[in-house]
Enquirer: 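Shown below is the structure under consideration.
Every value quoted in this text rests on a predicted model; they were computed, and no experiment measured them. Side-chain atoms are counted along with the backbone in the values below, which use heavy atoms only and exclude waters and symmetry mates. Chain naming here is simple, since letters A, B, ... match the order of the sequence lines and numbering starts at 1 in each.
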2 protein chains.
Amino acid sequence: MEAQLTDARPRDRAATRQRLLEAARMLFGEYGYEQVTVRMIASAAGANIALVGRYFGSKAGLFGEVLAGEPTVRAVVEGDRAGLPRRLAEYAAERMSHDPESPILRSLERSAGDPEIQALVRDRLQAVLIEPIEALLGGPDAHARARMATAVFLGIGSVRRLVGPETPSPADVDRLTAVFELCLGLEPLP
Amino acid sequence: MEAQLTDARPRDRAATRQRLLEAARMLFGEYGYEQVTVRMIASAAGANIALVGRYFGSKAGLFGEVLAGEPTVRAVVEGDRAGLPRRLAEYAAERMSHDPESPILRSLERSAGDPEIQALVRDRLQAVLIEPIEALLGGPDAHARARMATAVFLGIGSVRRLVGPETPSPADVDRLTAVFELCLGLEPLP
DNA sequence: GCGGCTAGTAAACGAGCGTATACTCGCCGA
DNA sequence: TCGGCGAGTATACGCTCGTTTACTAGCCGC
């Protein structure tokens with residue numbers, strides 16, 4: 001009887017690449033760009049260090065690909081305009097008590113230093129949060145309002161990360177909803 | 001005529017220490033903890049690298065002393081309760097367009113990685129922002145409200161840092177004031 | 001005048017990083 | 001059967017970091 005009952009072939013470029021990508025996604029999200037070494041990634045993926053360079057060019061290239069491959073927070077931002085504050089508030093409330101699942105958001109919180117990485121993160125933040133909100137809002141100062149809502153959103157993550165998670169009460173979520181309504185210049189729902 | 005007209009004596013332990021401290025304050029504020037090397041600090045202070053270790057124990061020790069020596073944002077947090085949202089909003093608006101002068105706030109934005117540094121920054125954030133606001137507010141959920149206001153405050157800095165500065169309009173400041181009133185659970189001023 | 005305390009210096013250490021190189025080995029088509 | 005292509009490997013390179021060590025030299029009390 002031959003071994004290799006599973007379909008996981010050895011020497012499978014695509015599969016190894018994928019394992020590296022997923023290990024990187026997990027580690028970058030957990031610890032931030034600069035705290036994660038390529039050795040950690042390779043080790044977590046059960047692959048060789050040199051393969052990071054071979055498959056992604058560099059550590060930054062790998063990070064970029066992780067960011068690009070994210071499904072993002074689109075579910076929150078897409079949807080009807082009136083419900084946006086509530087959806088933002090509920091998502092933000094989730095982030096008061098738990099680390100985000102999305103490497104983008106985690107990276108936004110944790111990856112500060114490297115200018116190249118900052119540029120990647122910035123572009124992504126614009127693309128997945130600020131611009132969609134701005135488009136949904138419309139109006140003359142939509143950009144400023146989208147920016148402010150994004151600020152609240154990010155700040156909640158910063159506070160959790162810095163001073164620890166805390167479970168929000170229902171009243172907190174309501175207050176947060178009102179805050180987002182105010183930021184976005186939308187009327188409260190009846 | 002002898003040289004040394006100034007009162008800056010050479011071989012002055014206290015003065016050298018002070019120069020190192022001020023160079024560190026400036027650099028940490030500008031670039032964040034991990035981006036600044038002890039060589040940069042020593043060079044900016046015109047001192048030898050080894051003196052950082054001698055006078056402050058370590059880079060982290062120096063950072064801790066920089067944080068501890070900060071005058072902080074006390075002016076905003078101290079004062080009457082009713083005016084707090086406005087003061088917060090004005091200070092936050094300032095931070096929309098300019099980098100903060102305070103190394104604490106800058107470090108809050110930029111120093112993410114090292115756990116020891118994170119602990120220092122967290123303690124400082126609690127001491128200078130969350131706890132004073134909480135004390136000023138009073139009431140049952142004062143902590144949650146102080147946390148939320150702090151989140152908005154920090155988030156604004158994050159957005160400026162990530163996507164660039166933007167000068168707020170007077171309407172933005174008004175909206176921000178309302179946001180802080182909401183966060184803090186205070187009534188709007190007449 | 002001189003010995004010792006001490007501020008300041010130069011240089012190196014060891015570790016960790018991202019990256020690059022030279023290699024091994026197994027599979028597959030001819 | 002065999003040659004080569006390519007996935008995967010082991011290792012080292014060059015660099016920068018924080019830290020430490022051994023040393024130099026100036027001031028002060030005696």
Enquirer: Would you indicate, yes or no, if dG8(D) has its OP1 or OP2 atom less than 4.0 angstrom from a side-chain nitrogen or oxygen of Thr16(A)?
Expert: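 Affirmative; the distance criterion is met.
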Enquirer: Classify every nucleotide of nucleotides 13-19 of chain C by which part a protein heavy atom approaches to under 4.0 Å, writing B for the base, S for the sugar-phosphate alone and - for neither, in 5'-to-3' order.
Expert: ----SBB
Enquirer: Mind checking side-chain contact (heavy atoms from CB on, under 4.5 Å) for Thr37(B) and listing every partner two or more places apart, or none if nothing turns up?
Expert: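 Once residues adjacent in sequence are excluded, the partners of Thr37(B) under the side-chain contact (heavy atoms from CB on, under 4.5 Å) criterion are Arg39(B), Met40(B).
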Enquirer: What residues, two or more places apart in sequence or in another chain, satisfy side chain to side chain donor-acceptor pair (under 3.5 Å) together with Arg19(A)?
Expert: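 Arg19(A) satisfies side chain to side chain donor-acceptor pair (under 3.5 Å) with no residue once adjacent residues are dropped.
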Enquirer: Which whole-number value in Å describes the distance from Asp12(A) CG to dG6(D) P?
Expert: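 Atom-to-atom, Asp12(A) to dG6(D), this comes out as 15 Å.
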Enquirer: Return yes if the base of dT19(D) and the side-chain atoms of Arg54(B) contain a donor-acceptor N/O pair under 3.5 Å, otherwise no.
Expert: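 Answer is no: no donor-acceptor pair is held.
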Enquirer: Starting from P on dT9(C), measure out to CG on Leu20(B) and report it in whole angstrom.
Expert: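 Going from Leu20(B) (CG) to dT9(C) (P), I get 10 Å.
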Enquirer: Kindly write out the residues that satisfy side chain to side chain donor-acceptor pair (under 3.5 Å) with Asp123(B), not counting sequence neighbours, or none if the list is empty.
Expert: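 Once residues adjacent in sequence are excluded, Asp123(B) has no partner under the side chain to side chain donor-acceptor pair (under 3.5 Å) criterion.
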Enquirer: dG8(D), OP1 or OP2 - any side-chain N/O from Tyr55(A) closer than 4.0 Å?
Expert: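 Checking dG8(D) against Tyr55(A), a side-chain N or O does come within under 4.0 Å of OP1 or OP2.
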Enquirer: What's the CZ-P distance between Phe63(B) and dC17(D), to the nearest Å?
Expert: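 In whole Å, dC17(D) P and Phe63(B) CZ are 18 Å from each other.
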Enquirer: Within this structure, what is the OH-to-C1' distance between Tyr31(B) and dC17(D), rounded to whole angstrom?
Expert: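 In whole Å, dC17(D) C1' lies 18 Å from Tyr31(B) OH.
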Enquirer: Going by modelled atom types, is there a donor-acceptor pair between the base of dT6(C) and the side chain of Arg13(B) at under 3.5 Å?
Expert: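 Looking at the base of dT6(C), it does not pair with any donor or acceptor on the side chain of Arg13(B) (distance under 3.5 Å).
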Enquirer: Do the rings of Phe153(A) and Tyr91(A) sit parallel, tilted or perpendicular, given the 30° and 60° boundaries?
Expert: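 The arrangement is parallel - the two ring planes meet at less than 30°.
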Enquirer: Which residues pass the side chain to side chain donor-acceptor pair (under 3.5 Å) test with Glu70(A), sequence neighbours left out?
Expert: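 Arg25(A).
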Enquirer: What is the distance from CG of Leu51(B) to C1' of dT21(D), rounded to the nearest Å?
Expert: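 Going from CG in Leu51(B) over to C1' in dT21(D) covers 14 Å.
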Enquirer: Please list, one pair per line, the donor and acceptor atoms closer than 3.5 Å that link side chains of residues 168-179 of chain A to other protein atoms, with sequence neighbours excluded.
Expert:
residue   : atom : partner   : partner atom : Å
Ser169(A) : OG   : Ala171(A) : N            : 3.4
Ser169(A) : OG   : Asp172(A) : N            : 3.1
Ser169(A) : OG   : Asp172(A) : OD2          : 3.2
Asp172(A) : OD1  : Arg175(A) : NH2          : 2.6
Asp172(A) : OD2  : Ser169(A) : N            : 2.9
Asp174(A) : OD1  : Arg86(A)  : NH1          : 3.2
Asp174(A) : OD1  : Arg86(A)  : NH2          : 3.2
Thr177(A) : OG1  : Arg86(A)  : NH1          : 3.4
Thr177(A) : OG1  : Val173(A) : O            : 2.8

Enquirer: Which one, dA10(D), dT9(C), dC25(C), comes nearest to the side chain of Asn48(A)?
Expert: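 Out of dA10(D), dT9(C), dC25(C), the nucleotide with an atom closest to Asn48(A)'s side chain is dA10(D).
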